[in-house]
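The block underneath contains the structure these notes are about, expressed in structure tokens.
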Amino acid sequence: MIVRTTEEITGTDRDVADPKGNWVSKRIVLGGDGVGFSFHETTIAAGSVNEFHYANHIEAVWLVEGEGTLTDRETGEEYPLAAGTMYLLNGHERHTVVAKTQLRMLCVFNPPVVGTEVHDENGVYPLVSVPAPESSGKHRAGAET
């Protein structure tokens with residue numbers, strides 16, 4: 001069992017901020033936890049425009065707060081974002097997220113990220129080898145990476 005809080009993750013290496021100040025990602029579950037996916041809470045700043053492309057990962061996003069738009073840069077199709085919206089990037093789509101208000105979303109990545117990835121100039125996370133689980137115990141708590 002893994003039990004963590006966003007409070008204990010805040011200020012650790014699991015609390016990753018965009019250098020431009022557009023978003024913060026709290027990486028609650030990572031590849032090293034050995035469960036086959038990673039789980040993040042991401043907050044995107046109001047008024048920001050963010051270009052992403054997960055060429056090596058499938059991402060599912062559940063928006064729990066805020067309003068904005070999602071644009072599929074492959075097709076030009078635009079989708080409204082509001083609390084209760086889910087989107088799945090199952091085709092590795094290049095996409096743009098524009099935050100009208102602050103957005104707070106819960107994100108799942110497969111394969112899992114390990115926590116050291118940073119977006120390259122194209123918004124892509126590299127595919128990093130997932131380390132072996134950090135603990136053989138049944139309970140892994142805390143903000144270790």
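What's counted below: heavy atoms across the whole structure, side chains too, no hydrogens, waters or symmetry copies.
Follow the hydrophobic side-chain contacts under 4.5 Å out from Leu106 and you reach Leu88 in the same cluster. Under the 4.5 Å side-chain heavy-atom criterion for ILVMFWY residues, no single connected hydrophobic cluster contains both Val98 and Met86. A continuous path of Ile, Leu, Val, Met, Phe, Trp and Tyr side chains, each step under 4.5 Å between heavy atoms, connects Ile58 with Phe37, placing both in one hydrophobic cluster. Both Phe39 and Val35 belong to a single network of hydrophobic side chains, linked directly or stepwise wherever heavy atoms of I, L, V, M, F, W or Y lie under 4.5 Å apart. Val64 and Val29 end up in the same hydrophobic cluster when Ile, Leu, Val, Met, Phe, Trp and Tyr side chains are linked at under 4.5 Å.
Residues Gln102 and Ala46 come closest through the heavy atom pair N-CB, 3.5 Å. Across every non-hydrogen atom of His92 and Tyr54, the tightest pair is ND1-O, 2.9 Å. Residue Pro112 comes nearest to Gly36 through the heavy atom pair CD-O, 3.6 Å, listed as atom of the first residue, atom of the second, then distance. When all heavy atoms of Pro111 and Asn56 are compared, the closest pair comes out as CD-O, 3.4 Å.
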Evaluation steps, ring-ring contact (aromatic ring centres under 6.0 Å, His included), between Phe109 and His40: CA-CA 8 Å; Phe109 284 85; His40 313 205; 4.8 Å; yes
CA sep, side-chain torsions, deciding dist, call: Val24, Val16, side-chain contact (heavy atoms from CB on, under 4.5 Å): CA-CA 6 Å; Val24 173; Val16 178; over 6 Å; no
Test side-chain contact (heavy atoms from CB on, under 4.5 Å) applied to Glu59 and Val108, step by step: CA-CA 6 Å; Glu59 183 191 25; Val108 176; over 6 Å; no
Worked verdict on Leu81 versus Glu67 for side-chain contact (heavy atoms from CB on, under 4.5 Å): CA-CA 5 Å; Leu81 295 176; Glu67 294 182 2; over 6 Å; no
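Rounding to the nearest 0.5 angstrom, the gap separating the CD atom in Glu78 from the CZ atom in Arg73 is 13.0 Å. Here the CH2 atom belonging to Trp23 is positioned 11.0 Å from the OG1 atom belonging to Thr43, to the nearest 0.5 angstrom. One distance of note links CD of Glu77 with OG1 of Thr75; it measures 5.0 Å at 0.5 Å rounding. The distance from the CD1 atom of Ile2 to the CG atom of Leu30 is 9.5 Å, given to the nearest 0.5 Å. With rounding to the nearest 0.5 angstrom, the CZ atom of Phe52 is 9.0 Å from the OG1 atom of Thr96. The distance from atom CG of Asp15 to atom CD of Glu7, rounded to the nearest 0.5 Å, is 12.0 Å.
Ring centroid separation for the pair Tyr87 and Tyr79 does not come in under the 6.0 Å cut-off.
Across Thr6, Thr42, Thr10, a single residue satisfies side-chain hydrogen bond (donor to acceptor under 3.5 Å, both in side chains) together with Lys26, and that is Thr10.
Using a 4.0 Å cut-off between charged nitrogen and carboxylate oxygen, Glu41 and Arg104 count as a salt-bridge pair. Of the charged side-chain nitrogens involved, none lies within less than 4.0 Å of a carboxylate oxygen, so that Arg27 and Asp33 do not count as a salt-bridged pair.
The shortest side-chain heavy-atom distance between Met105 and Ile44 falls under the 4.5 Å cut-off.
A distance-only check finds a donor-acceptor pair linking the side chain of Asp18 to the backbone of Asn22 [under 3.5 Å]. Of the possible donor and acceptor atoms, one in the side chain of Thr12 sits under 3.5 Å from a partner among the backbone N and O of Arg14. Of the possible polar contacts, none joining the His57 side chain to the Asn110 backbone as a donor-acceptor pair under 3.5 Å is found. In this structure, the side chain of Ser38 engages the main chain of Val113 through a donor-acceptor pair within 3.5 Å. Here the side chain of Arg94 pairs no donor or acceptor atom with the backbone of Glu74 at under 3.5 angstrom.
Between the side chains of Glu8 and Thr5, a donor-acceptor pair is found at a separation under 3.5 Å. A donor atom on one side chain and an acceptor atom on the other are not found under 3.5 Å apart for Lys100 and Thr69.
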